[in-house]
Structures are given as C-alpha cells and as structure tokens.
Amino acid sequence: MQLHEMVNTLGQDLKRRHGEKIHKLSIHGAFTCPNRDGTLGRGGCTFCNVSSFADESAQQLSVVSQLKARREEVTRARRYLAYFQAYTSTYAEVAYLKQMYEEALSVSDMVGLCVGTRPDCVPDAVLDLLAGYQQQGYEVWLELGLQSASDETLRRINRGHGYAAYVDAVRRAHLRGIKVCTHLIVGLPGEQAMDSVQTLQRVVDTGVEGIKLHPLHVVTGSTLGKAWLAGRLVVPTLAEYVAAAVAMIQHTPPDVVYHRVAASARKPTLLAPDWCENRWTAMTLIAASLSESGSQGNRLGTPFLLDGR
C-alpha cells in the first residue's frame, strides 16, 4: 500500500478540498531569526544551518521570480501554495510582511500561503494579517517550529522559547480560525522514541490541524555538526526513526493532516545520518510498516510500545 492510503497526507487533503492536485512551492523571503540576529541569541538552534533546508541563493530573487521559477519545475499540478520556508517568516514589520505575502498571492494559480515561523514570533497583528487572507478565500497554514514539547530539550538545543509559547501561539491562531501545522524533530539529543510520542500527544491535545515530522539532520555549520565531528553525538538509525514515526502516526487522530513524515538534506551539507540523503528511503519503510501494523490513528488511546504491539 502507498503512504497516502494509510496516512492523511497534505496532498490528499488538498485534493479532496480543492478538487485537484495542489503543490507547495518553497520560497526564501530573506527573513532572519531572533535566535541568530542577537535579539534572543546568536548562532541559532544547535541543529540549525538553514542553508541545508533552503536555497540561500534564492533570496537574491524577488518572491514573484522565485515562484515562477519553482512553478516551471512542477509538472503535475496547476495550482500552488506559496511556502515561506526559510528562517522566521513572520519576523518583520507587518507592512513588510503584507508586501511579501501579497506579492506571492499576486502570482497566478496561487491558492494560498504556508508561513513557517517560531511560536514566539507570531504577534496578534501578524495573525490578523493571515486571518484576513483566509477570509478572502485563500488557503492559509501557520507552520510552527516546535521540535519538542520538552522544555528541557528546548533549552538543550538553544531554542530560545518554551512549550508555553507554542501553546499560546496555537490558541491565538485558532481564535482567528487559522490552521496550524507543527514541526517536530525525532532524534534530538537526550530524547528517546517515547519522548517523541509524548511530544506528539501533547501537540495533538492543542487541536492542531497538521503535523510535519523529520529526523534529526546533522549539518555543517551547526553546533550539533561540531559535536558529531568530535564524536560526542549519536544520531538515530533508520530503523529507530521508522519505528518512532510509525508509532507517532498511529497515535495521531485520522483528521490531522501530515504535511511530511520524512525529510532529506544533501551532502556535503549533510554530515549524518547518511540515510537522510534520500527521504524516500524512510517513507517507503514507514509505508511498509503501517501496512503491516495499522494506519494513522489505529492506536489512539493505547499505550505506546516501540515494536508496535
């Protein structure tokens, strides 16, 4: 069975609601981050080297130019979501954000926005701006990078905020009817699979509409990259990640949309683990395991056991 037959994926969700395939187009809004520019700290989170996840050269192009170029690369869709992915895409004055978002929406065949940001960088004025686009009929997703619900882990990875900031951001977004997708990392230092499932359950309890999973990437230029090169960091194996992801998916209500269940980074930026160079490796094994042990939501209310029993 294919993954979308066992998981409520974003692609399937969009197709059901829009009647056709919708593709996300990642763009770089030339934003920075308060955990890098000195407002909260410098150097960012310990796992972060954003160039491994976004094309730094793209920020030299306008939003319209980026979207048109990305659109040329996609042949299986005719309508799109503009995804502001890199850094903290709400970290600017509202007037500047309005200019950037509306530039994206001005491109033909855009059905809406996905905006990636931090829980501590979504003031009410930004949420009001996003809610306004939703009221105009656009698809809007607020993508919050949480990574873990453990305050201890968040301190360890130098996140710069606690779980309470995330809960508050979700609450205020939901007051305006904005859908939230939460980003979670499996394999963070000091965490076991049980910790990831507990994070998932706490996140689900806030009523979020979407989840995005990915394994820990150790990349050049990051604090964790230096630790790995020095032999001080153990990274998750493929089998460990698949087992944790399957358990998390099976403990997720069927109506929650999975925007991603695996991710990749390219060498030489990627240091470890090697299997993260191709996201399809993990996705194929996750699909196979779900096919054998049960699809999304089939273990709701049951104790977590890593072997899936």
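Heavy atoms only: backbone and side chains are in, while hydrogens, waters and symmetry mates are out.
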Ion pair check, R260 and E143, cut-off under 4.0 Å: no
Has R159 got a side-chain atom pairing as donor or acceptor with G145's backbone, closer than 3.5 angstrom? yes
Please determine whether the number of non-hydrogen atoms from other residues, nucleotides or ligands lying under 6.0 Å from atom CD of Q136 exceeds 12. yes
Does atom CD of E93 have more than 12 heavy-atom neighbours from other groups under 6.0 Å away? no
Calculate, to the nearest 0.5 Å, the distance between atoms CE and OG belonging to M6 and S291 respectively. 5.0 Å
Are Y163 and S148 linked by a side-chain donor-acceptor pair shorter than 3.5 Å? no
From I249 CD1 over to N8 CG, what is the distance, rounded to the nearest 0.5 angstrom? 11.0 Å
So, E209 side chain and V180 main chain: donor-acceptor pair closer than 3.5 Å or not? yes
Show the nearest heavy-atom pair for residues A149 and R202, with the distance to one decimal. O-NH1, 2.9 Å
Backbone N/O of Q192 and side chain of D195: donor-acceptor pair under 3.5 Å: yes
Is Q66 reaching over with its side chain to a backbone N or O of H28, donor-acceptor style, under 3.5 angstrom? yes
With no hydrogens and no angle check, just 3.5 Å: does a side-chain donor-acceptor pair link Q296 and T252? no
Could you check whether any side-chain heavy atom of V186 comes within less than 4.5 Å of a side-chain heavy atom of P215, counting everything from C-beta outward? no
Cation over ring face, R118 and Y91, 6.0 Å, 45°: no
Could you go through R78 and D109, starting from their C-alpha distance and side-chain angles, then the distance that decides it, and tell me whether this counts as salt bridge (Lys or Arg N to Asp or Glu O under 4.0 Å)? CA-CA 7 Å; R78 293 181 300 175; D109 303 321; over 6 Å; no
I'd like to check L146 versus H161 (side-chain heavy atoms, cut-off strictly below 4.5 Å). Are they in contact? yes
Could you tell me whether a side-chain N or O of H251 sits under 3.5 Å from a main-chain N or O of T302, the two making a donor and an acceptor? yes
Distance-only, no hydrogens or angles: does the E5 side chain make a donor-acceptor pair with backbone N or O of Q2 under 3.5 Å? yes
Pairing donors with acceptors under 3.5 angstrom, does anything connect the side chains of Y83 and S89? no
Mark yes or no for whether Q250, through its side chain, and A247, through its backbone, hold a donor-acceptor pair below 3.5 Å. no
Side-chain donor/acceptor of S289 to backbone N/O of L285, under 3.5 Å: no
Answer with yes or no whether the side chains of R266 and N278 bring together a donor and an acceptor at under 3.5 Å. no
Within a 6.0 Å radius of atom NZ on K226, are there more than 12 heavy atoms belonging to other residues, nucleotides or ligands? no
Does the side chain of T199 come under 3.5 Å of the side chain of S196 through a donor N or O and an acceptor N or O? no
Verdict with reasoning, Y133 to E139, per side-chain hydrogen bond (donor to acceptor under 3.5 Å, both in side chains): CA-CA 8 Å; Y133 299 131; E139 177 97 10; over 6 Å; no
Rounded at 0.5 Å granularity, tell me how far CG in L154 sits from CD in Q147. 8.5 Å
Verify the neighbour count for atom CD of E277: are there more than 12 heavy atoms of other residues, nucleotides or ligands below 6.0 Å? yes
Indicate yes or no: does D13 engage R17 in a salt bridge with an N to O separation below 4.0 Å. yes
Does any non-hydrogen side-chain atom of L184 lie less than 4.5 Å from one of T182? yes
Heavy-atom donor-acceptor pair, R176 side chain to R172 backbone, under 3.5 Å: yes
How about NZ on K98, more than 12 heavy atoms from neighbouring residues, nucleotides or ligands closer than 6.0 Å, or not? no
Salt bridge check, R79 against E20: does any charged N sit closer than 4.0 Å to a carboxylate O? yes
So, the side chain of S106 versus the backbone of E103: is there a donor-acceptor pair under 3.5 Å, distance only? yes
Min side-chain heavy-atom separation Y80-V107 under 4.5 Å: no
Is any NZ, NE, NH1 or NH2 atom of the basic residue among K68 and E72 found under 4.0 Å from an Asp or Glu carboxylate oxygen of the other? no
Could you tell me if the side chain of Y241 sits less than 4.5 Å from the side chain of L213, heavy atoms only? yes
